[in-house]
Amino acid sequence: MKMHLTTAAAGLLLLAGVGAAAAQDVIIQPEQETVIREYVHKQPLASIKVPGVELSVGSTLPDTVELHEVPSVKYRYVVVDNQTVIVDPGTRRIVEVLQ
C-alpha cells in the first residue's frame, strides 16, 4: 500500500512540475509585445486588488477578474496592484508581468 501512495505522490509532483514549466514556456513574440505595450499605454486601466494571488508568470487569475482585450493579439491584460499583467484568456494564467 505504501508503494502505491509513494508512486501516486511522485506522479502528482511530476504533473505539477510539468504544468508549471508549461505555463512559463509561453513566449510573447517581440512584435506582439510592442503592440501590447503601446495599447496598454494608450488605454490605461484602474488598478485592482486580487487578494491571495501572486503576480508571477504561471499564476492563475480568478474568473471574477475582468480581462481586457488588446486588438489583434490573443492575450488580454489587467492592472493588478499597479502592475500590468498579460493573461492567456483560455487558461487565465499570467504569461507576463510588464515592468
Side-chain angles (χ1 to χ4, degrees):
M1 180 69 168
K2 270 189 177 178
M3 180 65 153
H4 291 296
L5 290 176
T6 304
T7 304
L12 285 174
L13 289 173
L14 179 63
L15 287 175
V18 169
Q24 294 177 358
D25 286 347
V26 174
I27 297 173
I28 298 175
Q29 298 302 317
E31 312 82 49
Q32 285 187 329
E33 186 168 344
T34 300
V35 168
I36 292 169
R37 285 182 183 277
E38 288 176 359
Y39 187 81
V40 165
H41 181 72
K42 292 177 184 175
Q43 304 293 325
L45 297 174
S47 182
I48 64 169
K49 297 275 185 202
V50 184
V53 174
E54 183 180 337
L55 293 182
S56 62
V57 173
S59 296
T60 303
L61 295 178
D63 292 338
T64 55
V65 174
E66 181 182 0
L67 304 178
H68 299 270
E69 186 175 345
V70 177
S72 304
V73 177
K74 80 173 202 170
Y75 300 107
R76 305 291 183 259
Y77 77 107
V78 64
V79 178
V80 180
D81 295 331
N82 295 313
Q83 294 186 63
T84 301
V85 180
I86 308 304
V87 180
D88 180 332
T91 63
R92 302 189 67 83
R93 290 194 185 277
I94 297 173
V95 296
E96 187 170 345
V97 179
L98 298 180
Q99 300 302 323

Any side-chain heavy-atom pair from [X] and [Y] closer than 4.5 angstrom?
| X | Y | result |
| --- | --- | --- |
| L61 | L67 | yes |
| Q99 | V97 | yes |
| E96 | Y75 | no |

### Query
Just how far is it from atom OG1 of T64 to atom CD1 of I48, taken to the nearest 0.5 Å?
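It is 7.5 Å, given to the nearest 0.5 Å.
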### Query
From I27 CD1 over to Q29 CD, what is the distance, rounded to the nearest 0.5 angstrom?
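The CD1 atom of I27 sits 7.5 Å away from the CD atom of Q29.
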Between [X] and [Y], is there a donor-acceptor pair closer than 3.5 Å when you use the side chain of the first and the backbone of the second?
| X | Y | result |
| --- | --- | --- |
| R92 | T60 | no |
| T84 | L98 | no |
| D81 | Q83 | no |

Looking at [X] and [Y], what are the two nearest heavy atoms and their distance?
| X | Y | value |
| --- | --- | --- |
| S47 | N82 | OG-N, 2.7 Å |
| V87 | V95 | N-CG2, 4.3 Å |
| D88 | G90 | OD1-N, 2.9 Å |

#### Entry: Option among E69, E66, H68 that satisfies the side chain to side chain contact (heavy atoms under 4.5 Å, CB included) test with R76
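The single option meeting the side chain to side chain contact (heavy atoms under 4.5 Å, CB included) with R76 is E69.
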### Residue among I86, V35, T34, V73 satisfying side chain to side chain contact (heavy atoms under 4.5 Å, CB included) with I28
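Answer to the side chain to side chain contact (heavy atoms under 4.5 Å, CB included) test with I28 among I86, V35, T34, V73: I86.
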